[in-house]
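Position 1 is the first residue of the sequence, and the numbers go up from there.
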Amino acid sequence: MATLKQKDEAYSARDIQVLEGMEAVRKRPGMYIGSTDQRGLHHLIYEIVDNSVDEFMAGHCTSVSIEINQDGSVLVEDNGRGIPVDSHPVTGMTAVETVMTTLHAGGKFGGKAYAVSGGLHGVGASVVNALSDYLKVSVLRDNKVYTQEYSKGHSTTELKVEPLSSNLEGTTGTRITFMPDTEIFGEPVYDFSILTTRFKEMAYLNKGLEIRFKSEWHKNRWPGNQVTYYFEGGISSFVRSLNQNRGMMHPDPIYVESQVENTRVEIALQYNDSFSEFVYAFANCINTEDGGTHVTGFRSALTRAINDYGRKQKLIKDTEPNLAGEDTREGLTAVISVKLTDPQFEGQTKNKLGNPEARTQVETVLGEALQIFLEDHPRDARAIIDKCMTSQRAREAARKARDLIIRKNAMDGGGLPGKLADCSEKNPELCEIYLVEGDSAGGTAKMGRNRAFQAILPLWGKILNVEKARPDKVVAHDAIRAMITAIGAGLDEEFDLQKLRYHRVIIMCDADVDGSHIRTLLLTFFFRHMGALIEHGHLYIAQPPLYKITAGRKEHYIYNENEREEVLEQLGNKRNVNIQRYKGLGEMNADQLWDTTMNPEFRTLLQVSVNDAALADETFTTLMGDVVEPRRNYITTHALEVKNLDV
């Protein structure tokens with residue numbers, strides 16, 4: 001079990017350290033949970049679940065159960081030691097009331113009760129309490145049940161003590177039920193998919209921990225409202241799952257787990273036949289999306305180990321340059337997990353690890369493990385290095401192609417694509433570019449646009465499926481090259497948001513099957529090669545109308561089937577009702593396209609975002625990759641979800 005075992009010390013009120021009082025949580029909840037939208041609502045659940053996971057990492061818990069009740073209240077239960085209930089030496093209250101009502105009070109600061117914790121500030125339980133209309137905690141320990149109730153951060157009852165029933169004798173744990181305050185969050189709306197993804201991720205990162213999730217609130221909203229996650233393979237199982245729809249370069253993930261001083265390092269990696277890198281990094285089970293020192297150590301060890309082995313075995317000739325870092329990471333899927341006693345995160349969001357020792361620790365552990373693997377598996381090692389060298393050649397070809405584009409643009413005097421109708425505004429923050437399917441629709445868009453701030457780039461021919469193409473082929477594709485040049489921020493590792501020429505990049509395709517296909521191809525390109533565009537909220541999808549309903553002199557533009565039925569119902573049996581189905585943008589004249597799809601006052605734009613990178617990666621691989629069977633299964637599974645299909 002990949003946990004840090006503790007010495008057999010009593011877990012008592014003295015382990016609960018008070019740093020300061022709890023103030024302003026209800027006044028400024030965003031400072032503590034990020035927001036008061038759905039993400040903040042989910043964060044309340046995560047805070048309580050993280051406390052249970054901390055108990056697991058300390059070696060005192062094996063299962064966590066989460067349940068959302070029909071009324072929107074949430075129950076989290078574990079079989080850990082139970083929050084201490086004796087009197088706290090500083091506050092004079094019981095330890096459990098101190099934890100629930102005092103900000104920065106917990107067992108995570110002194111390092112005795114928890115050597116490893118995902119909690120950075122120790123504010124979890126108290127903040128959830130402060131933002132809940134009602135909260136009840138039940139602690140099982142010493143063959144007794146201790147119960148106390150709270151509202152909006154304050155206790156409403158004394159701590160009640162009852163003997164534990166005989167059938168539960170010897171049981172320990174903590175049970176917390178809370179109802180988020182509707183004054184702050186409105187009526188609770190939970191996303192089953194987002195929650196299950198988080199719980200599954202936690203189970204992967206803590207092999208041997210069972211996480212059960214059930215939602216009565218989703219019973220009539222989601223097919224199948226309960227799941228259980230348990231992975232003996234831990235992050236190796238995680239990597240296998242991420243790679244399930246790809247061809248493998250070696251049959252099993254390379255896995256290493258080691259204790260270095262006070263840090264537990266755990267890494268799993270596996271090469272596949274794709275052209276994308278996917279590295280998932282965690283520190284104390286917190287997803288460090290912006291990387292940090294542990295990722296730096298991982299990359300350094302990987303590049304050095306592969307180059308050293310390649311030189312030693314003469315697979316890389318003396319006349320050839322070393323493989324670059326990006327060459328050794330093409331087609332790599334990896335999960336890095338470090339568990340530290342004193343994690344230092346950069347920023348309140350905890351997205352980047354700053355501990356300098358983590359770099360050396362990860363680099364040492366992975367370097368030794370890779371050296372052993374490569375020497376013990378020469379055939380797999382040869383396949384990996386061959387792939388890396390192929391990547392090197394493709395990247396060099398892509399670099400030369402990009403340089404050629406830059407030189408050609410300089411000679412052309414400005415370098416913008418000939419088909420681009422640019423805008424007159426020079427401030428990128430005020431500018432937007434429409435990527436339009438086909439010359440016909442592009443011509444209509446050019447006539448209907450506001451030339452001051454709207455640019456139009458018609459896309460011609462079939463867009464390349466970048467999921468199946470190496471970087472040099474991507475750069476060589478005419479339409480993609482035109483997009484790269486027009487957007488102006490570069491590609492892949494060289495992508496620079498500071499050079500972005502338009503702060504809104506808008507995909508505008510026909511509302512039919514071909515349009516959906518082109519839109520998916522474009523989304524795949526942006527996700528794989530301009531990810532920062534999505535991450536920073538610059539990519540959008542235009543929503544052209546599906547129908548125009550004319551009744552007398554009145555025209556109604558309809559964007560979905562439900563709206564169509566509502567309008568027709570409102571019109572009743574009125575005569576002279578004409579329904580026009582728009583098959584493509586080219587069927588609208590310039591004024592209609594402006595009024596419905598391009599006018600900022602009336603248009604609807606969908607902002608593209610990625611809530612879960614792992615799920616997005618899997619989806620793009622399934623839909624756009626080489627393996628047919630997963631795509632067939634996906635289509636079969638989701639076919640009934642399609643509401644309207646033109647063939």
Side-chain angles (χ1 to χ4, degrees), residues 1-3 196-209 211 229-258 264-289 291-292 294-295 297-299 301-303 305-306 325-326 328-339 362-363 365-374 376-377 380-381 383-385 387-388 391 467 528 610 612-622 625-627 630:
M1 183 178 294
T3 58
T196 52
T197 298
R198 172 64 178 257
F199 300 145
K200 186 177 184 180
E201 182 180 278
M202 296 302 294
Y204 276 130
L205 292 168
N206 296 278
K207 60 182 178 182
L209 173 65
I211 298 181
Y229 297 119
Y230 177 86
F231 301 106
E232 281 290 352
I235 62 172
S236 285
S237 298
F238 198 174
V239 168
R240 289 181 189 275
S241 175
L242 294 170
N243 274 342
Q244 62 183 330
N245 295 329
R246 300 183 173 111
M248 299 300 102
M249 303 298 295
H250 47 103
D252 298 309
I254 303 168
Y255 175 76
V256 58
E257 177 185 6
S258 181
R264 172 70 65 183
V265 177
E266 193 178 5
I267 300 169
L269 61 95
Q270 188 177 31
Y271 282 91
N272 57 69
D273 59 5
S274 76
F275 309 118
S276 303
E277 170 195 352
F278 193 80
V279 175
Y280 228 17
F282 300 86
N284 290 16
C285 297
I286 295 168
N287 186 353
T288 49
E289 296 177 356
H294 54 333
V295 176
F298 171 87
R299 290 179 170 179
L302 182 75
T303 305
I306 290 179
E326 55 264 40
T328 64
R329 298 193 301 272
E330 182 184 280
L332 176 68
T333 298
V335 176
I336 309 162
S337 177
V338 294
K339 294 174 181 176
V362 169
E363 192 169 352
V365 169
L366 181 61
E368 293 175 356
L370 282 175
Q371 181 181 355
I372 294 171
F373 174 85
L374 294 171
D376 289 351
H377 302 80
D380 293 336
I384 290 171
I385 290 180
K387 179 175 177 58
C388 293
S391 170
E467 193 71 18
R528 293 301 187 197
V610 177
D612 178 30
L615 182 60
D617 175 77
E618 179 183 343
T619 302
F620 279 115
T621 301
T622 300
D626 285 319
V627 186

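Phe275 places none of its side-chain heavy atoms less than 4.5 Å from the side chain of Glu467. The closest side-chain heavy-atom distance from Ser258 to Glu368 is not below 4.5 Å. The shortest distance between side-chain heavy atoms of Glu266 and Lys207 falls below 4.5 Å. Between Phe282 and Val338 the shortest side-chain heavy-atom distance does not fall below 4.5 Å. Side-chain contact between Leu332 and Leu302 is present, with heavy atoms from C-beta onward closer than 4.5 Å. Asn243 has its side chain within reach of Arg246: a pair of non-hydrogen atoms, C-beta onward, lies under 4.5 Å apart. Contact of the Tyr230 side chain with the Leu209 side chain is not registered, since no non-hydrogen atoms from C-beta on lie closer than 4.5 Å. Counting heavy atoms from C-beta outward, Leu269 and Pro253 have side chains that stay 4.5 Å or more apart.
A distance of 11.0 Å separates CD1 in Ile286 from CG in Leu205, rounded to the nearest 0.5 Å. With rounding to the nearest 0.5 Å, the separation of CD1 in Ile235 from CD1 in Ile267 is 7.5 Å. Atom CD of Glu201 is separated from atom OG of Ser241 by 11.5 Å, given to the nearest 0.5 angstrom. Distance check: Lys387 NZ to Asp273 CG gives 6.5 Å after rounding to the nearest 0.5 Å.
Remark: Thr196 pairs with Phe192, Phe213, Val227, Tyr229 by the side chain to side chain contact (heavy atoms under 4.5 Å, CB included) rule, at least two apart or across chains. Scanning for side-chain hydrogen bond (donor to acceptor under 3.5 Å, both in side chains) contacts around Ser337 gives an empty result, with sequence neighbours left out.
Ring pair Phe238/Phe231: centre-to-centre distance not below 6.0 Å. Centroid-to-centroid, the aromatic rings of His250 and Phe373 come within less than 6.0 Å.
A pairwise comparison of heavy atoms in Ile306 and Cys388 identifies CD1-SG, 4.3 Å as the closest pair. The two residues Phe298 and Ala334 have their closest heavy-atom pair at CZ-CB, 3.7 Å. Contact between Gln270 and Val239 at its shortest, heavy atoms only, is CB-CG1, 3.7 Å. Nearest approach of Gly367 to Ala301, heavy atoms of both residues: N-CB, 3.8 Å. For the pair Pro251 and Asp380, the tightest heavy-atom approach, listed with the atom from each and the gap, is CD-OD2, 4.1 Å. Here the closest heavy-atom approach between residue Ala383 and residue Met249 is recorded as O-CE, 3.6 Å.
In this structure a side-chain-to-backbone donor-acceptor pair under 3.5 Å is missing from Asn272 to Gly247. Side-chain atoms of Thr288 come within 3.5 Å of backbone N or O of Ala281 as a donor-acceptor pair.
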Residue pair Ile336, Tyr280: steps toward the side-chain contact (heavy atoms from CB on, under 4.5 Å) verdict:
CA-CA 6 Å; Ile336 309 162; Tyr280 228 17; over 6 Å; no
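Salt-bridge formation is detected for the pair Glu277/Arg299: a Lys NZ or Arg NE/NH1/NH2 atom is positioned less than 4.0 Å from an Asp or Glu carboxylate oxygen. Under 4.0 Å is where a charged nitrogen must lie from a carboxylate oxygen, and between Arg240 and Asp252 at least one such pair does.
In summary, the side chains of Tyr271 and Glu330 do not present any donor paired with an acceptor at a separation below 3.5 Å, with no hydrogens or angles considered.
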